[in-house]
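The next block holds one structure in the form of structure tokens; read it before the comments.
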Protein chains: 2
Amino acid sequence: MKAEVRPLGMTIGSIRSAFPKMMADLFKDKEIKYTFDQMVVLLIVRFCQKTSPVQQDIAEIMNKNKSVVLRMIDVLEQDGLLMRSTDPNDRRRNIITLTKKGYEYTELTIACDHEVTVNLMEGLNESDVKTFFKVFDHIQSKMGVK
Amino acid sequence: MKAEVRPLGMTIGSIRSAFPKMMADLFKDKEIKYTFDQMVVLLIVRFCQKTSPVQQDIAEIMNKNKSVVLRMIDVLEQDGLLMRSTDPNDRRRNIITLTKKGYEYTELTIACDHEVTVNLMEGLNESDVKTFFKVFDHIQSKMGVK
DNA sequence: TGAAACAGTTGCAAAAATCAACTAATACAT
DNA sequence: ATGTATTAGTTGATTTTTGCAACTGTTTCA
């Protein structure tokens, strides 16, 4: 473990700006008028259903502050991609649920994502790709700890 | 495999603002008064010496527009971390060179980066880490093509 | 019962990114 | 060689994004 850890900064630095840009370009092609981050919100709502994250949670997952997330969700709600409803068990919390339309947008996003990913991963063997995702998830979970 | 695989975008969506934030926190501790992005500029200048990227190139690498990079470089030049000089072979281009002070800041940045990275990679075995970086390199080269 | 904590909201201020227009230099096609 | 297009860099104005602090309503807990 001590051996090969090199600075991630530059590496991550480029992927972290390049990937969203590639996604944004694809969104434009397909006339999706939302930002990458807005679609990430939808993805989080969809894929973290079990824990049903509220705005605060989403903000933590995305490392944004809650005002930012609130404003993204305002737009998404206005456009009917998701719905807010007060949690009956804790009326401070907003339960966020995807609408049919919102779900469709997650599908579109995943399609774009897949397109970009396949492109980037082309030429690698499956097991390496698996490991990559594993490590990436690990990093993500470590970041959550703060 | 086809079922509910979390798209890469979701992970990237969560780490992409986390990493600069973690770096910024470390910078604050060590009283480095620059942003993560500014330090990335220095790193690019240092590590892409062979191709001696000009402002435009740096902008492309970082997926920012050239005005943004220009202003970052203004600051870095004012503070004596790098120098601009006109390329004698093409007087439109500015050759960017690190000063001694600038180099020292890249060292500091790399140290911070390493600290963060080690932390994030903790708990992974060496071969996974190796694979991860291998895949990362691959992705990066693919992104370069675009 | 009251203090502290928490999710959400709002408006304002600060920071960052974008855009269009411009200069100066170079490349290139005719 | 001449003029057109392209390129790197620069600037100022504008817009977008972000961050902060204060506030509400609700819950927790001592």
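Side-chain atoms are counted along with the backbone in the values below, which use heavy atoms only and exclude waters and symmetry mates. Naming: A, B, ... by sequence-line order, numbering from 1 per chain.
- Between the CZ atom of A/Phe27 and the CG atom of A/Leu108 there is a distance of 8.5 Å, given to the nearest 0.5 Å.
- Counting to the nearest Å, the P atom of D/dT11 and the CD atom of B/Gln55 are 10 Å from each other.
- For a distance-only test at 3.5 Å, the side chain of A/Arg71 qualifies as a donor-acceptor partner of the base of C/dG11.
- For the pair B/Leu70 CG and C/dA20 P, the computed distance is 18 Å after rounding to whole Å.
- Straight-line distance from the CZ atom of A/Arg93 to the C1' atom of D/dT27: 12 Å, rounded to whole Å.
- Atom CD of A/Gln78 is separated from atom P of C/dT9 by 12 Å (rounded to the nearest Å).
- By the criterion of side-chain heavy atoms lying less than 4.5 angstrom apart, applied directly or through intervening Ile, Leu, Val, Met, Phe, Trp or Tyr residues, B/Phe19 is grouped together with B/Ile32 in one hydrophobic cluster.
- For A/Arg91 and D/dT26, the shortest distance from a side-chain N or O to OP1 or OP2 is below 4.0 Å.
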Could you give me the CA-CA distance, side-chain angles and deciding distance for A/Arg46 and A/Glu107, then say whether side chain to side chain contact (heavy atoms under 4.5 Å, CB included) is met?
-> CA-CA 10 Å; A/Arg46 170 166 164 190; A/Glu107 289 292 300; 2.7 Å; yes
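- When each of B/Gln56 and A/Pro88 is assigned the nucleotide of DNA chain D with its nearest heavy atom, B/Gln56 is the one assigned upstream, toward the 5' end.
- Against DNA chain C, the stretch residues 59-69 of chain B makes heavy-atom approaches under 4.0 Å through B/Lys64, B/Asn65, B/Ser67, B/Val68.
- Residue A/Arg84 places at least one side-chain N or O under 4.0 Å from the OP1 or OP2 atom of C/dT9.
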